[in-house]
Visitor: 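I have a structure I would like to understand better, so I am pasting it below and will then ask my questions one at a time.
Just so it is clear, the model here is predicted, and its values are computed rather than measured. Per chain, numbering begins at 1; letters A, B, ... match sequence-line order. In what follows, every heavy atom counts, from backbone to side chain, and hydrogens, waters and symmetry copies are set aside.
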Number of protein chains: 2
Amino acid sequence: MEPHLLRTFVTVADCGSFSAAAEQLGYTQSAVSQHIAALESDLGTPLLHRRPVAPTASGERLLEHAGPILLRLEAARADVRRTVAGPPSVLALAAAPLAADRLATALVAVRRSHPGTEVSLTVCGREQVVEAVATGEFALGLVDGIAAPSDPLRLSDAVRLRTSPIAHDDLVVALPNDHPLAHRRGLSLDDLTDARWIDAPDAAVPLASLRAATRAGGLRPALTCSGTDVHTLLALVAAGHGLAVLPQSIGAPGVTGVPLTAPRLVHRIELLHGLLSEPAAAALAAVLSDRE
Amino acid sequence: MEPHLLRTFVTVADCGSFSAAAEQLGYTQSAVSQHIAALESDLGTPLLHRRPVAPTASGERLLEHAGPILLRLEAARADVRRTVAGPPSVLALAAAPLAADRLATALVAVRRSHPGTEVSLTVCGREQVVEAVATGEFALGLVDGIAAPSDPLRLSDAVRLRTSPIAHDDLVVALPNDHPLAHRRGLSLDDLTDARWIDAPDAAVPLASLRAATRAGGLRPALTCSGTDVHTLLALVAAGHGLAVLPQSIGAPGVTGVPLTAPRLVHRIELLHGLLSEPAAAALAAVLSDRE
DNA sequence: GGCTATTACGGAAATCGTAACCATG
DNA sequence: CATGGTTACGATTTCCGTAATAGCC
């Protein structure tokens with residue numbers, strides 16, 4: 001179970017194709033085939049169905065482990081590298097788009113207390129925030145998600161990272177102003193399972209999260225929007241392409257937010273970090289955490 | 001960072017010697033030297049001081065990751081293997097000695113509800129319980145430890161395992177009956193830092209745990225006792241070789257348990273398990289958890 | 001000088017690419 | 001029959017053991 005074999009395995013499972021994975025990894029199809037064969041012979045069981053390529057039951061189990069293991073390896077390498085490189089010169093921050101605005105205000109205080117600090121902020125999807133904080137690429141990250149009012153966020157536990165709650169907010173269904181439901185005082189997801197939805201997993205609450213939080217089926221996306229641009233998503237909503245669930249604080253002209261009353265869910269923002277060896281990062285974490 | 005290099009690295013760090021690690025792993029000294037050199041060149045930094053062999057600062061960081069990574073790899077392999085092997089024929093249980101007696105009573109109910117079940121119980125040290133449950137060698141494990149009254153047990157988070165509290169108990173300082181302090185109503189650790197202690201990390205509360213739970217220094221062991229035999233430990237205490245901290249429920253003729261009043265700590269037993277695919281294991285887990 | 005890590009070197013094994021092969025949709 | 005995974009095979013590299021070398025108590 002060498003790491004590079006695991007890596008090609010997850011890539012193949014991800015691509016659903018040996019040749020696509022080969023291209024993505026810079027191997028030949030033959031090498032990829034040999035990698036999978038080596039893994040399967042090592043574990044003594046088929047891991048992938050061929051034609052079409054899909055994980056077997058055993059493959060599914062391995063997939064659950066492989067990602068976290070590879071991430072942990074990356075984190076270990078980065079951790080060691082950091083001891084030799086010394087503290088970085090820029091304070092590198094990552095945030096999911098619906099969490100990023102928290103940084104804007106908190107950074108003001110840090111700018112004042114640590115005037116020389118150069119700051120870099122990357123807005124990207126939630127998984128990428130978790131991964132990049134885990135590998136130490138960023139000192140600090142903010143992620144968001146939905147949960148029952150009393151629950152913390154359920155983050156992928158690939159690597160043990162320190163987390164602390166930063167803020168929470170109610171959820172609304174975003175509708176065009178002229179939508180027939182826009183005047184409602186509240187909406188239940190159960191009434192909206194057959195509505196036209198926009199799935200923008202990195203710019204709004206992912207439909208998958210909503211599905212997981214409800215028993216209700218449905219919630220099929222009429223339009224899928226990738227990328228982290230909330231602005232564009234709001235424009236799509238305003239233009240009537242479909243609905244999206246967002247935290248109450250996000251809005252735009254042309255879009256009405258109607259409180260989501262059932263199921264009872266809240267939007268949460270959590271801070272994610274590793275060791276905080278830099279004083280500026282520690283100070284920022286303190287400022288962010290104190291807000292709660 | 002191939003796993004076999006990491007394995008060699010942790011072994012060398014553990015042994016404090018290249019040649020000892022080589023023997024333990026079935027390599028030659030030369031191979032071990034090459035492994036370490038490969039790792040160091042890969043990470044671009046020395047990981048070990050030589051003569052005497054000890055981890056560098058970078059090496060310390062790597063050590064923190066390497067163990068969990070290797071364990072997780074083992075767990076992944078075992079997990080996949082289990083999908084092909086099907087459910088095992090014997091219900092394999094592991095327990096730390098101070099937690100094992102909980103199994104005795106709980107197993108009676110399972111024996112009744114699952115009459116055909118063959119059971120194997122292994123009593124071993126806490127780390128081994130965690131490792132072996134993580135790799136699926138055992139379906140279920142019981143571990144014990146100390147914590148503040150409101151806290152859960154702090155287990156090594158190498159692999160994400162399901163845990164649930166089973167029981168808790170007060171702590172006592174075990175003394176020979178004729179010890180001058182044996183008539184006391186309570187004792188504080190602070191008064192005992194300079195006493196003669198027996199450190200039996202796998203048969204009593206480890207001194208290291210006590211040190212971690214207090215600010216007080218001291219607690220130097222006058223005698224170190226390895227192995228999981230609580231009976232022998234109690235004999236050593238009765239013979240006046242030194243003191244040990246145990247849960248209140250453990251006792252023997254010749255040994256007096258005086259409540260440990262400060263710091264406020266309790267002895268906890270927690271259940272540890274993976275997926276519980278076997279009905280008998282699930283039933284046992286249910287019985288154990290219901291006791292709380 | 002003894003113990004122990006490092007380096008040099010060679011044989012065995014593994015890795016990956018080219019190319020031929022084969023199976024499925 | 002075409003797309004795409006498998007197998008055969010060979011060049012290159014890697015890996016590990018033997019043995020000689022070097023460094024610290």
Visitor: What integer distance in Å separates A:Phe18:CZ from D:dT6:C1'?
Guide: 9 Å
Visitor: Among residues 23-36 of chain A, which contact DNA chain D at a heavy-atom distance under 4.0 Å?
Guide: A:Ser30, A:Ser33
Visitor: Please list every donor-acceptor pair under 3.5 Å in which a side-chain atom of residues 17-27 of chain B meets a protein atom from a residue at least two apart or in another chain.
Guide:
residue : atom : partner : partner atom : Å
B:Ser17 : OG   : B:Ser19 : N            : 3.3
B:Ser17 : OG   : B:Ser19 : OG           : 3.3
B:Ser17 : OG   : B:Ala20 : N            : 2.9

Visitor: Nearest 0.5 Å please: distance from the CG atom of B:Leu153 over to the CG atom of B:Asp144.
Guide: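 Separation between the atoms: 7.5 Å.
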Visitor: Between C1' on C:dT4 and CG on B:Leu48, what's the gap in Å once rounded to a whole number?
Guide: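 It works out to 14 Å between those atoms.
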Visitor: Roughly how far, to the nearest 0.5 Å, is CG of A:Leu243 from CG of A:Leu207?
Guide: 9.5 Å
Visitor: Let me know the distance between CG of A:Leu39 and C1' of D:dG5, rounded to the nearest Å.
Guide: 16 Å
Visitor: I want to verify a distance call: between D:dC24, C:dC16, D:dG4, whose nearest atom is closest to the B:Arg51 side chain?
Guide: D:dC24
Visitor: Between P on D:dT14 and NE2 on B:His4, what's the gap in Å once rounded to a whole number?
Guide: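 After rounding, the reported distance stands at 12 Å.
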Visitor: Using whole Å, report how far CG of B:Leu5 lies from C1' of D:dC16.
Guide: 12 Å
Visitor: Taking A:Pro201's backbone N and O only, do any of them form a donor-acceptor pair with A:Arg126's side chain (distance below 3.5 Å, no angle check)?
Guide: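 A pair under 3.5 Å: yes.
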Visitor: Just how far is it from atom CG of A:Leu272 to atom CZ of A:Arg162, taken to the nearest 0.5 Å?
Guide: 10.5 Å
Visitor: Distance check, rounded to the nearest 0.5 Å: B:Glu40 atom CD versus B:Thr56 atom OG1?
Guide: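 Interatomic distance, B:Glu40 CD to B:Thr56 OG1, rounded to 0.5 Å: 7.5 Å.
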Visitor: Using atom CD of A:Glu2 as one end and atom P of C:dT15 as the other, report the distance to the nearest whole Å.
Guide: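 These atoms are roughly 7 Å apart.
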